[in-house]
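Structure, as structure tokens:
Worth saying up front: this structure is predicted, and the values here are computed from it rather than measured.
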There are 2 protein chains.
Amino acid sequence: MNIGHASEKSGLPAKTIRYYEDIGLLKPDRSDNGYRDYSMSDVHKLRFLQRSRGLGFSVEECRQLLALYEDKERASSDVKSIARTKLKEIERKITELRELQHTLQHLVAHCHGDQRPDCPILESISGTADA
Amino acid sequence: MNIGHASEKSGLPAKTIRYYEDIGLLKPDRSDNGYRDYSMSDVHKLRFLQRSRGLGFSVEECRQLLALYEDKERASSDVKSIARTKLKEIERKITELRELQHTLQHLVAHCHGDQRPDCPILESISGTADA
DNA sequence: GGTAATTCTTCCAGTAACTGGAAGGTCAAG
DNA sequence: CTTGACCTTCCAGTTACTGGAAGAATTACC
């Protein structure tokens, strides 16, 4: 599969896909003509990268997450501990997104023109009533 | 409140806080000595930025979200529509995080050394069974 | 078969969002 | 009144892309 097709399937621009290859996140086969040739597995990884980058994980964290998957045959205890650390982070992110969600919902539902600058959303928007 | 204190409270490095000021995300008061002086409201905004950046929103999206809050007095229909768009995005992010969570949980629970490279996690890790 | 458009290649420069470090001013403690 | 922590600005470097040029390969059309 050429890069254009892989780009469509993964949601990542071709430029970004080539960049990910440059920094060693994946290395697709090459066809005889020199074109990159992406397998389904490559596309899965790209889609995974597209998602996890969009969720605020750094490229290095994504590299770890990919390694988790790729090294699962050995599944050593450190691999599991990384996974558990990431799971904690994911839970935190979900919690924070829920709070952001509630804040915006409140904004849409209750703050319609008659709110003063001291709206309680100001207090809740940061997730800390005190700070 | 000086920048060091605001940094502690918001979780953002002082460098980043100054950068956010440079690009016009907030403008704290200045004390007589020229030091930046952060209000509680400023710290709330910083904490909000810290969170939403970590959740994969771009600085420009964060600017919009902050504006949502700051312009809530007028609460025009476009403000609400932006909020609704962001709510959709937040829901998507939550869904994706849940899927990532399940994948990692599966990895920790079931893939312990006896998995072949064609582990079904490969299929599910990208969130698309087909692709 | 010819040729024009599309898609691919590499390379190099630019942007976004920080991040580190130098050079120097301010301030609280001893 | 000096030492050390914290602040200032400025400029350079890093990360993670992103755009564009120049050229080769494929596909689409006559």
Q | Any B:Ser10 side-chain heavy atom under 4.5 Å of B:Ile17 side chain | A | yes
Q: Would you indicate whether the side-chain heavy atoms of B:Arg51 and B:Phe57 approach each other to under 4.5 Å?
A: no
(Q) Does this structure show an ion pair linking A:Glu21 with A:Arg18, if we count only N-O contacts that are shorter than 4.0 Å? (A) no
Q: Using a strict cut-off of less than 4.0 Å between a Lys/Arg side-chain nitrogen and an Asp/Glu carboxylate oxygen, indicate whether B:Lys88 and B:Glu91 qualify as a salt bridge.
A: no
Q: Enumerate the residues from residues 20-38 of chain A whose closest heavy atom to DNA chain C is under 4.0 Å, giving them by residue number; use none for an empty result.
A: A:Arg30, A:Gly34, A:Tyr35, A:Arg36
Q.
Going by salt bridge (charged side-chain N to carboxylate O under 4.0 Å, His left out), B:Glu96 matches just one of B:Arg98, B:Lys93, B:Arg92. Which one?
A. B:Arg92
Q: Please determine, for the side chain of B:Tyr19, which listed nucleotide (C:dG21, D:dT8, C:dA17) has the closest atom?
A: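 Looking only at side-chain atoms, B:Tyr19 lies closest to C:dA17.
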Q. What's the closest nucleotide to the A:Arg18 side chain, out of C:dT19, D:dC7, C:dT9?
A. C:dT9
Q. With nearest nucleotides of DNA chain D determined for B:Gly4 and B:Lys15 from heavy-atom distances, which residue corresponds to the more 5′ nucleotide?
A.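 In this pair, the answer is B:Gly4.
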Q | C:dT19 OP1/OP2 closer than 4.0 Å to side-chain N/O of B:Thr16 | A |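 Yes, because at least one side-chain N or O of B:Thr16 sits under 4.0 Å from OP1 or OP2 of C:dT19.
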Taking [atom1] from [X] and [atom2] from [N], how many angstroms apart are they, rounded to a whole number?
X	N	atom1	atom2	result
A:Glu60	D:dC17	CD	P	11 Å
B:Glu8	D:dA5	CD	P	15 Å
A:Ile3	D:dT18	CD1	C1'	14 Å
B:Ile17	C:dT19	CD1	C1'	14 Å
A:Gln50	D:dA16	CD	P	16 Å
A:Asn2	D:dT27	CG	C1'	12 Å

Q) Under 3.5 Å, is there a donor-acceptor pair between the A:Arg47 and A:Gln50 side chains? A) yes
